2 protein chains.
Amino acid sequence: MIQSLTDLDREHLQEALNKSGQKVTSQREAVFTVLLAERDHPTVDEVFNRAREVMPGLSLATVYNCLETFVGCGLVRQVNHERESTRYCPNLSPHAHFRDKETGRVHDIELPPEVIKSLRAILPPGFDSEIIEISFQGRAQAKDNSAN
Amino acid sequence: MIQSLTDLDREHLQEALNKSGQKVTSQREAVFTVLLAERDHPTVDEVFNRAREVMPGLSLATVYNCLETFVGCGLVRQVNHERESTRYCPNLSPHAHFRDKETGRVHDIELPPEVIKSLRAILPPGFDSEIIEISFQGRAQAKDNSAN
DNA sequence: GTGAGACTTTGAATCATTCTAATTAGTCAA
DNA sequence: TTGACTAATTAGAATGATTCAAAGTCTCAC
């Protein structure tokens, strides 16, 4: 069952939206709640279905809009794997993604600062990168804790 | 103008295809030639248009098929950026990709073995990865040599 | 030269995503 | 309260990359 947002999370949402001149709406709150409730990198469709349990009138277009808004104000990250549907991730700390070939599940992998540094170091002069995306593919031993 | 394949490249193509029980056809040769001619990570459509200059009857589906075949037998790599059209890359040495935000161009960045090692090292036990993909996004100073 | 299997072709179908136009909700001023 | 303004939401159509299905062609072993 989907809990409602903690006060802290609601503040977080409000602050991020306000900072870019946008409003907290019940739809945005619902979508954000869904993202935080189960941190399993859901697709738009998955978010849509989960959110509708709580807000039946919600439209798919709105879910797209909300997620785009959140990405725009830095509340969530997109995760793409090849041409599969885009997935969404509310984990903001620097991390890589590991995609299990068998299940399609995506796991977060913590990314230590020195690794990031060594990656930046391989860029030739003149290349300046704000964003680095790292994704592994392979097999993850079932160790089904931390449901990423 | 599109040159034809060198003998070496033709052998390379032949060997890779044969190894997986597939044949060299004139279409595959044309598509492969296009990929090697200009190493700029073309989309399917770009490959299609270039290849048709040399083989007017070629169909789009065949270009999709050829590229899929090449990926399957390890002759080329796919490069995806968000939901843009997939691009194709005949560079087989380990490398990352850098996507210039302004131009959309993709550049290859050589990937030293020790960086790969340090990346593998961040995987928790139980995670086994065959493939690591690294992509940078940012600005590349116009230094328009090596047309990647 | 025939037949089997691999490859190619055309055009239709799919599917995620984006767009458009119309509606609703929220806010502020009078 | 009323109206006016703006941002957000909605439903459904449109888009665009990719895949699929069916029919046609080629090649090579026999």
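Please read all numbers here as calculations on a predicted model, not as lab measurements.
- Under the 4.5 Å side-chain criterion, counting only non-hydrogen atoms from C-beta, B:R39 is in contact with B:N91.
- By the side-chain contact (heavy atoms from CB on, under 4.5 Å) test, A:E84 pairs with A:H81, A:R99, sequence neighbours left out.
- Under the side-chain contact (heavy atoms from CB on, under 4.5 Å) criterion, B:Q14 pairs with B:N18, B:V24, sequence neighbours left out.
- Residues meeting the side chain to side chain donor-acceptor pair (under 3.5 Å) test with A:N49, sequence neighbours left out: none.
- Between B:H107 and A:F127, a ring centre-to-centre spacing shorter than 6.0 Å is recorded.
- For B:Q27, a side-chain nitrogen or oxygen approaches OP1 or OP2 of C:dT9 to under 4.0 Å.
- A 4.5 Å side-chain heavy-atom check between B:H12 and B:L92 finds at least one atom pair inside the cut-off.
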**Q.** B/S/- contact track for nucleotides 14-19 of chain C, protein heavy atom under 4.0 Å
**A.** --SBB-
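- Atom P of nucleotide C:dC7 and atom CG of B:L58 are separated by 15 Å, given to the nearest angstrom.
- Applying the side-chain hydrogen bond (donor to acceptor under 3.5 Å, both in side chains) definition to pairs two or more places apart or across chains, none involves residues 115-127 of chain B.
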Q) For A:I131 and A:E133, what are the C-alpha separation, side-chain angles and deciding distance, and is it a side chain to side chain contact (heavy atoms under 4.5 Å, CB included)? A) CA-CA 7 Å; A:I131 298 167; A:E133 246 153 56; 4.0 Å; yes
Would you give me the side-chain donor-acceptor pairs under 3.5 Å for residues 69-80 of chain A, sequence neighbours excluded?
residue	atom	partner	partner atom	Å
A:T69	OG1	A:N65	O	2.8
A:R77	NH1	A:H95	O	3.3
A:R77	NH1	A:H95	ND1	3.3
A:R77	NH2	A:H95	O	3.4
A:Q78	NE2	A:Y88	OH	3.2
A:N80	OD1	A:T86	OG1	2.8

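- Listed by chain and number, the residues in a side-chain contact (heavy atoms from CB on, under 4.5 Å) with B:T43 are B:D45, B:E46, B:S85, B:R87 (sequence neighbours excluded).
- Within residues 9-25 of chain A, the residues having any heavy atom closer than 4.0 Å to DNA chain D are, in order of number, A:Q22, A:K23, A:T25.
- Taking 4.0 angstrom as the limit, B:T62 places none of its side-chain polar atoms (N or O) nearer than this to OP1 or OP2 of C:dT8.
- First and last contacting nucleotides of DNA chain D toward chain B (any atom under 4.0 angstrom from a heavy atom, 5' to 3' order): D:dA17 to D:dT19.
- At whole-Å resolution of the value, CD in B:E29 and C1' in C:dT8 are 16 Å apart.
- The C1' atoms of five pairs define one axis at each end of the helix from C:dG1-D:dC30 to C:dA30-D:dT1, and these two axes lie 10° apart (to 10°).
- Under the rule for a side-chain contact (heavy atoms from CB on, under 4.5 Å), the partners of A:E102 that lie at least two apart in sequence or sit in another chain are A:D100, A:R139.
- For B:E130, the salt bridge (Lys or Arg N to Asp or Glu O under 4.0 Å) test picks out A:K101, with sequence neighbours left out.
- Between B:F98 and B:S135, the closest side-chain pair of non-hydrogen atoms is not below 4.5 Å.
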